[in-house]
Enquirer: 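Here it is, the structure, as structure tokens.
Just so it is clear, the values below take in all heavy atoms, side chains as well, and ignore hydrogens, waters and symmetry mates. All residue numbers refer to positions in the sequence shown, counting from 1.
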Amino acid sequence: MKTENNIEGFTKSIIEEVGLETPSTDFVSNVMKAIDVENKKVVSLNYQPLISNFGWFVITLLLMGMSIFISLSNFQSSEIFLILDSSYLNKFNEIDFINNLKFSTTFTFSVLLFAVLVVFQLFAIKHFYAKKVLPN
């Protein structure tokens, strides 16, 4: 007990000798100026679409060109498929596994619930990203 009192008294005397530091008179204004400078440094994100306007223009031209070519060509639909070798498709008729697949109700509902939750999570992440990262 006596040693604790000695340690406590010793600590008090050391602190009194050193004294307390006091901040400068314009400490608060300096801090507020630093905060203001940091707020002005916010980087603005420039939105750049994944596919540019020129890219959409090229895609549109390709689709229009293909549809015009198909509508004006002299090919019959059966002639196009005669060019392709479809003999490998006959092998799939021998494999009749799709008719033998049976899923339990629990599995079906869990897959459906998983899909719903994934879609919900995508919307939630999109909302969070739009709110936090791109505030307007």
Side-chain angles (χ1 to χ4, degrees):
M1 187 81 165
K2 196 172 192 180
T3 58
E4 287 180 18
N5 287 337
N6 287 341
I7 291 175
E8 193 173 315
F10 177 72
T11 307
K12 282 184 182 180
S13 66
I14 296 272
I15 291 175
E16 288 174 359
E17 284 178 21
V18 173
L20 295 176
E21 280 189 36
T22 57
S24 64
T25 55
D26 57 347
F27 174 76
V28 174
S29 64
N30 289 340
V31 169
M32 295 307 288
K33 285 179 186 175
I35 290 173
D36 190 35
V37 168
E38 287 295 322
N39 286 339
K40 289 181 181 177
K41 287 183 182 178
V42 173
V43 177
S44 64
L45 297 175
N46 293 333
Y47 171 74
Q48 292 181 342
L50 203 55
I51 301 175
S52 66
N53 288 339
F54 180 73
W56 282 115
F57 179 72
V58 169
I59 290 171
T60 305
L61 281 179
L62 287 174
L63 289 175
M64 286 175 55
M66 286 177 19
S67 60
I68 289 172
F69 175 75
I70 290 172
S71 65
L72 296 179
S73 67
N74 293 334
F75 282 122
Q76 298 284 333
S77 62
S78 60
E79 290 178 4
I80 294 173
F81 291 115
L82 288 177
I83 297 171
L84 300 174
D85 180 28
S86 60
S87 62
Y88 65 90
L89 294 175
N90 294 334
K91 296 178 184 176
F92 290 116
N93 291 335
E94 297 170 4
I95 304 172
D96 193 24
F97 69 92
I98 295 177
N99 293 334
N100 295 331
L101 286 178
K102 303 289 184 222
F103 296 116
S104 69
T105 308
T106 307
F107 178 76
T108 306
F109 281 125
S110 46
V111 168
L112 182 65
L113 178 66
F114 179 74
V116 167
L117 290 177
V118 165
V119 169
F120 173 74
Q121 193 171 28
L122 286 174
F123 283 116
I125 289 172
K126 179 183 175 193
H127 177 70
F128 173 78
Y129 181 75
K131 189 175 180 181
K132 292 286 185 182
V133 177
L134 299 173
N136 288 331

Enquirer: Just verifying a value: how many Å separate Leu112 CG and Thr105 OG1, rounded to the nearest 0.5 Å?
Expert: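 So the gap between those two atoms works out to 12.0 Å.
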Enquirer: Check the hydrophobic clustering (I, L, V, M, F, W, Y; side-chain heavy atoms under 4.5 Å; chains of links allowed) and say if Phe27 and Met32 are grouped together.
Expert: yes
Enquirer: Say you draw a straight line from CG of Asn6 to OG1 of Thr11; how long is it, rounded to the nearest 0.5 Å?
Expert: 10.5 Å
Enquirer: Which residues pass the ring-ring contact (aromatic ring centres under 6.0 Å, His included) test with Phe120, sequence neighbours left out?
Expert: none
Enquirer: If I take atom CZ from residue Phe114 and atom CD from residue Gln121, how far apart are they, to the nearest 0.5 angstrom?
Expert: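 Separation between the atoms: 8.5 Å.
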Enquirer: Looking at OG1 of Thr25 and CG of Asn30, how far apart are the two atoms once the value is rounded to the nearest 0.5 Å?
Expert: 8.5 Å
Enquirer: Say you draw a straight line from CE of Met66 to CG of Leu62; how long is it, rounded to the nearest 0.5 Å?
Expert: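 Those atoms lie 7.5 Å apart.
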Enquirer: Measure the spacing between CG of Leu61 and CD1 of Ile68 and express it to the nearest 0.5 Å.
Expert: 9.5 Å
Enquirer: Give the cluster check for Ile125 versus Phe128: same hydrophobic cluster or not, with ILVMFWY residues linked at side-chain heavy-atom distances below 4.5 Å.
Expert: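 In one cluster with Ile125: Phe128, no.
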Enquirer: Take a 6.0 Å sphere around CG of Asp26 and say whether it holds more than 12 heavy atoms from other residues, nucleotides or ligands.
Expert: yes
Enquirer: Decide whether Phe57 and Ile51 are clustered together by the hydrophobic rule: side chain heavy atoms of Ile, Leu, Val, Met, Phe, Trp, Tyr closer than 4.5 Å, transitively.
Expert: no
